[in-house]
Trainee: 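Starting off with a structure, shown below.
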Amino acid sequence: MKSEKFRNFYKTVPLKLFVLLAAIVLIAFFSNDFGLVDIQKTAVILAVGLDKEDENYTVTAQIAVPKGSDRTTGGTSSVEITGEGRTVADGFGQIYAKTGWVPKLVFCNLIVVGEETAKKDVFCCLDYFLRNEYMSDNCLLAVCEGKASELLSSTSAIDDTSSLAVEKLFSDASEKSGKVMKNSLKDFSIAYYGPSHSSYMPYVRAIEQSASSGESTGGNTGGNGGGGSSGGQQTQEKVFSAQETALFRGGVMVALLNAQETFAFSLLESKIVAGTFTVQKEGKSTSMTVIEDKGSVELNMEGAPKATLSVNVRLRLYNRCSASPVEDISASTPTVYDLENANAYLNNCLALLVQKCVESDCDVLLLKRSLYRSSLKKYREWEQTLLQAVTPELKVTARGIT
């Protein structure tokens with residue numbers, strides 16, 4: 001009799017478990033928002049601008065505002081809301097108070113720091129983002145000329161939203177061209193807290209250009225019968241450039257690499273795949289493309305400190321400023337003379353880069369990190385004087401495509 005009761009009990013166990021699991025799933029589903037926030041109550045922040053005057057921070061949040069759904073008005077527009085406070089958190093709190101929208105940084109892909117703010121310790125600003133659980137480690141960082149609030153509120157000539165136009169400068173294609181050295185919140189922070197205490201950000205400039213705002217400046221006034229003036233009023237739209245690189249030591253901007261020095265920095269990082277450069281000799285210009293790039297920095301502490309900066313590139317002839325023979329055009333192979341000029345040009349770029357790093361005492365080449373990893377004792381000995389004591393040795397090898 002007892003065994004029959006047990007058999008009946010075991011037969012009903014699967015059904016009871018199923019009912020129990022179903023109840024748990026339903027309770028979990030209807031009692032949890034799974035981290036989602038009502039879009040009507042949320043500010044979708046695309047980019048953040050940071051400025052500091054006196055003791056107060058000005059936080060500019062560029063918030064996405066959906067446009068119409070038809071083909072003529074579709075896309076993403078934006079609005080810039082600012083908040084001020086003693087901390088960045090206070091600034092975001094003021095933005096919340098002004099709009100009623102909860103500021104969410106999960107979609108934020110760009111943080112722009114104003115130039116004057118960058119000349120102070122930027123981690124007084126970035127500390128907030130490192131602590132924010134919604135912030136992406138891969139968020140891009142940049143320094144801008146002037147104020148970050150002005151950059152984000154400017155009208156882009158190539159995109160509805162200025163931050164999206166700036167982000168286009170940091171594409172993989174741009175990085176491979178050697179024209180820009182992009183950096184993320186994660187990598188910048190690792191370098192800041194590492195033995196070298198040095199890092200970099202791309203430096204963004206806004207360039208004005210005139211553009212027509214359309215045929216009418218007043219628009220349709222409906223039944224009143226009025227109309228706007230025609231003639232294509234000129235508005236100031238802007239394009240952006242990030243060919244320069246801001247160097248940081250201890251979180252403070254200490255120097256600015258020009259386009260040539262940025263290109264040399266990219267070569268050392270082995271980032272260039274299709275970058276071009278131009279050499280001039282005897283009044284003639286020749287452009288060449290880097291189709292293979294192998295760069296390295298090695299530190300040797302035997303005897304006096306010595307740093308070997310090596311660049312090995314394979315080049316393709318890209319453009320001459322004069323008429324060329326047909327065989328020269330079809331082959332696209334640099335001559336020995338071209339390679340000699342390229343070698344001299346790249347050597348000069350590397351020398352300028354090293355000079356800028358030494359003068360600013362910015363170890364962006366991470367020599368101290370190499371020393372720290374190889375010998376902690378020597379690192380402590382040379383930590384303060386390594387950049388001034390090290391002897392740079394430049395090795396550039398330029399070869400053709402054959």
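Side chains included, hydrogens not; waters and symmetry mates left out as well; all remaining heavy atoms used.
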Trainee: Given 3.5 Å as the limit, does a donor-acceptor pair link the side chain of Lys356 with the main chain of Leu256, or not?
Mentor: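 Here the side-chain-to-backbone pair exists.
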Trainee: Strictly by salt bridge (Lys or Arg N to Asp or Glu O under 4.0 Å), give each pair with a member in residues 238-250 just once, sequence neighbours left out.
Mentor: Arg205-Glu244
Trainee: Could you tell me whether the side chain of Ser270 and the main chain of Gly295 form a donor-acceptor pair under 3.5 Å?
Mentor: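 A pair under 3.5 Å: yes.
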Trainee: Please check: side-chain N/O of Glu84 versus main-chain N/O of Gly91, any donor-acceptor pairing under 3.5 Å?
Mentor: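 No, Glu84 side chain to Gly91 backbone: no donor-acceptor pair under 3.5 Å.
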Trainee: Let me confirm one number: the CG-CG distance from Leu50 to Leu152, rounded to the nearest 0.5 Å.
Mentor: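 With rounding to 0.5 Å, CG (Leu50) is 9.0 Å from CG (Leu152).
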Trainee: With rounding to the nearest 0.5 Å, note down the distance linking SG in Cys357 to CG in Leu365.
Mentor: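 Cys357 atom SG to Leu365 atom CG measures 4.5 Å (nearest 0.5 Å).
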Trainee: For the residue pair Val358 and Asp361, establish whether any side-chain heavy-atom pair is separated by less than 4.5 Å.
Mentor: no
Trainee: May I have the step-by-step check of side-chain contact (heavy atoms from CB on, under 4.5 Å) for Tyr192 and Ser198, ending in yes or no?
Mentor: CA-CA 6 Å; Tyr192 173 83; Ser198 301; over 6 Å; no
Trainee: I need the minimum non-hydrogen distance between Leu110 and Ala142, along with the two atoms involved.
Mentor: CD1-CB, 4.4 Å
Trainee: Quick one: list whatever passes side-chain hydrogen bond (donor to acceptor under 3.5 Å, both in side chains) with Arg380, sequence neighbours left out.
Mentor: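 Residues passing side-chain hydrogen bond (donor to acceptor under 3.5 Å, both in side chains) with Arg380: none at all.
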Trainee: Is Gln236 reaching over with its side chain to a backbone N or O of Glu208, donor-acceptor style, under 3.5 angstrom?
Mentor: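 The answer is no, because no donor-acceptor pair under 3.5 Å joins these two groups.
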Trainee: Taking it one step at a time, do Asn109 and Leu140 satisfy side-chain contact (heavy atoms from CB on, under 4.5 Å)?
Mentor: CA-CA 6 Å; Asn109 293 322; Leu140 298 169; 5.7 Å; no
Trainee: Sequence neighbours left out, what passes side-chain hydrogen bond (donor to acceptor under 3.5 Å, both in side chains) with Thr245? Give chain and number order.
Mentor: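 Counting only residues at least two positions away or on another chain, Thr245 forms a side-chain hydrogen bond (donor to acceptor under 3.5 Å, both in side chains) with Thr262.
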Trainee: Quick one: pull up CG in Leu299 and CG in Leu366 and give me the separation to the nearest 0.5 Å.
Mentor: 11.5 Å
Trainee: The criterion is side-chain hydrogen bond (donor to acceptor under 3.5 Å, both in side chains); which residues satisfy it with Ser171, sequence neighbours excluded?
Mentor: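 Ser171 satisfies side-chain hydrogen bond (donor to acceptor under 3.5 Å, both in side chains) with Ser174 only.
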Trainee: Applying side chain to side chain donor-acceptor pair (under 3.5 Å) as the test, list every pair that has at least one member in residues 122-133; sequence neighbours left out.
Mentor: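 Passing the test, one end in residues 122-133: Asp127-Arg131.
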Trainee: Set out, in order, the CA-CA distance, both residues' side-chain angles and the distance that settles side chain to side chain donor-acceptor pair (under 3.5 Å) for Glu237 and Thr155, then state yes or no.
Mentor: CA-CA 5 Å; Glu237 295 183 341; Thr155 303; over 6 Å; no
Trainee: Evaluate the side-chain proximity of Arg399 to Asn312: yes if any heavy-atom separation is below 4.5 Å, no if none is.
Mentor: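 They are in contact (side-chain heavy atoms under 4.5 Å apart), so the answer is yes.
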Trainee: How far does CG of Leu315 sit from CG of Leu339, to the nearest 0.5 angstrom?
Mentor: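 Leu315 CG to Leu339 CG: 6.5 Å, rounded to 0.5 Å.
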Trainee: Is the Phe248-Phe188 ring centre distance short of 6.0 angstrom?
Mentor: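 Under 6.0 Å, so yes.
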Trainee: What distance separates Asn319 CG from Thr276 OG1, expressed to the nearest 0.5 Å?
Mentor: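 It comes to 9.5 Å.
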Trainee: What are the two closest heavy atoms between Val252 and Asp121, and how far apart are they?
Mentor: CG2-N, 3.8 Å
Trainee: Does any N or O in the side chain of Ser285 come within less than 3.5 Å of the main-chain N or O of Gln280, such that one atom is a donor and the other an acceptor?
Mentor: no
Trainee: What I'd like to find out is whether the side chain of Asp137 reaches to under 4.5 Å of the side chain of Ser184, using heavy atoms alone.
Mentor: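 Counting from C-beta outward, Asp137 and Ser184 never come under 4.5 Å.
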Trainee: Does anything in residues 251-276 pair up under ring pair (Phe, Tyr, Trp, His ring centres under 6.0 Å), and if so which pairs, sequence neighbours excluded?
Mentor: Tyr200-Phe265, Phe263-Phe277
Trainee: Just by distance, do the side chain of Asn258 and the backbone of Glu261 share a donor-acceptor pair under 3.5 Å?
Mentor: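 Judged by distance alone, yes, a pair lies under 3.5 Å.
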Trainee: Can Lys368 and Glu383 be counted as an ion pair, charged N to O under 4.0 angstrom?
Mentor: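 Salt bridge flag = no for Glu383 with Lys368.
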Trainee: Tell me which pairs pass salt bridge (Lys or Arg N to Asp or Glu O under 4.0 Å) where either residue lies in residues 46-58, with sequence neighbours left out.
Mentor: Glu53-Lys147
Trainee: Sort and list the pairs that fulfil salt bridge (Lys or Arg N to Asp or Glu O under 4.0 Å) and have at least one residue in residues 148-158, not counting sequence neighbours.
Mentor: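 Every pair satisfying salt bridge (Lys or Arg N to Asp or Glu O under 4.0 Å) with a residue in residues 148-158: there are none.
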Trainee: Taking only residues two or more places apart in sequence, or in another chain, which ones meet Ser153 in a side-chain hydrogen bond (donor to acceptor under 3.5 Å, both in side chains)?
Mentor: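 Result, side-chain hydrogen bond (donor to acceptor under 3.5 Å, both in side chains) vs Ser153: none returned.
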Trainee: If we count only N and O atoms by modelled type, under 3.5 Å, do the side chains of Glu115 and Tyr203 hold a donor and an acceptor together?
Mentor: yes
Trainee: Start with the C-alpha distance between Thr60 and Val48, add both sets of side-chain angles, then the distance that settles side-chain contact (heavy atoms from CB on, under 4.5 Å), and finish with yes or no.
Mentor: CA-CA 6 Å; Thr60 305; Val48 174; over 6 Å; no
Trainee: To the nearest 0.5 angstrom, please state how far the CG atom of Leu141 sits from the CE atom of Met201.
Mentor: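 Output value for this atom pair is 4.5 Å.
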Trainee: Quick test of your reading: applying salt bridge (Lys or Arg N to Asp or Glu O under 4.0 Å), list the pairs with at least one residue in residues 266-278, sequence neighbours left out, ordered by first then second residue.
Mentor: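 As it turns out, the salt bridge (Lys or Arg N to Asp or Glu O under 4.0 Å) pairs with a partner in residues 266-278, which skip direct neighbours, are Glu175-Lys271.
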Trainee: Are the side chain of Ser136 and the backbone of Asn138 linked by a donor-acceptor contact shorter than 3.5 Å?
Mentor: yes
Trainee: Mind checking ring pair (Phe, Tyr, Trp, His ring centres under 6.0 Å) for Tyr379 and listing every partner two or more places apart, or none if nothing turns up?
Mentor: Tyr372
Trainee: Have Ser199 and Asn183 got a donor and an acceptor in their side chains that come within less than 3.5 Å?
Mentor: yes
Trainee: Please check: side-chain N/O of Ser156 versus main-chain N/O of Ile158, any donor-acceptor pairing under 3.5 Å?
Mentor: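 Yes: the side chain of Ser156 pairs with the backbone of Ile158.
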Trainee: side-chain contact (heavy atoms from CB on, under 4.5 Å) between Thr161 and Gln62: does it pass, once the steps are laid out?
Mentor: CA-CA 9 Å; Thr161 304; Gln62 189 166 73; 2.9 Å; yes
Trainee: Should Leu371 and Leu386 count as side-chain neighbours, where that means a heavy-atom distance under 4.5 Å?
Mentor: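 Yes - at least one pair of side-chain heavy atoms lies under 4.5 Å apart.
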Trainee: Any donor-acceptor pair under 3.5 Å linking the side-chain atoms of Thr335 with those of Asp338?
Mentor: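 Thr335 and Asp338 do have a side-chain donor-acceptor pair below 3.5 Å.
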Trainee: Contact between Met135 and Cys108 at the side-chain level, heavy atoms closer than 4.5 Å - yes or no?
Mentor: yes
Trainee: Side chains of Leu185 and Phe129: does their closest heavy-atom pair fall under 4.5 Å?
Mentor: yes
Trainee: Can you establish whether the number of heavy atoms outside Lys120 located under 6.0 Å from its atom NZ is more than 12?
Mentor: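 Correct, the count exceeds 12.
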Trainee: What side chain to side chain donor-acceptor pair (under 3.5 Å) pairs are there with at least one residue in residues 288-303, not counting sequence neighbours?
Mentor: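 Non-adjacent pairs meeting side chain to side chain donor-acceptor pair (under 3.5 Å): Glu292-Arg314.
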Trainee: Where is the tightest heavy-atom contact between Ala342 and Ala398, given as atom of each residue plus distance?
Mentor: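 Scanning both residues completely, I find the closest heavy atoms to be CB-CB, 4.5 Å.
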Trainee: Just by modelled atom types, is the Asp187 backbone N or O under 3.5 Å from a matching donor or acceptor in the Ser189 side chain?
Mentor: no
Trainee: Could you point out which residue of Ile272, Val273, Val311 forms a side chain to side chain contact (heavy atoms under 4.5 Å, CB included) with Val290?
Mentor: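 When side chain to side chain contact (heavy atoms under 4.5 Å, CB included) is applied between Val290 and each of Ile272, Val273, Val311, only Ile272 qualifies.
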Trainee: Quick check: do Trp382 and Val390 have side-chain heavy atoms less than 4.5 Å from each other?
Mentor: no
Trainee: Ignoring hydrogens and angles, state whether a donor on the side chain of Thr278 or Ser287 is under 3.5 Å from an acceptor on the partner side chain.
Mentor: yes
Trainee: Would you say that Tyr134 contacts Lys104 through its side chain, given a criterion of any heavy-atom pair below 4.5 Å between the two side chains?
Mentor: yes
Trainee: What are the two closest non-hydrogen atoms of Gly85 and Asp90, and how far apart are they?
Mentor: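 Looks like CA-CB, 3.6 Å.
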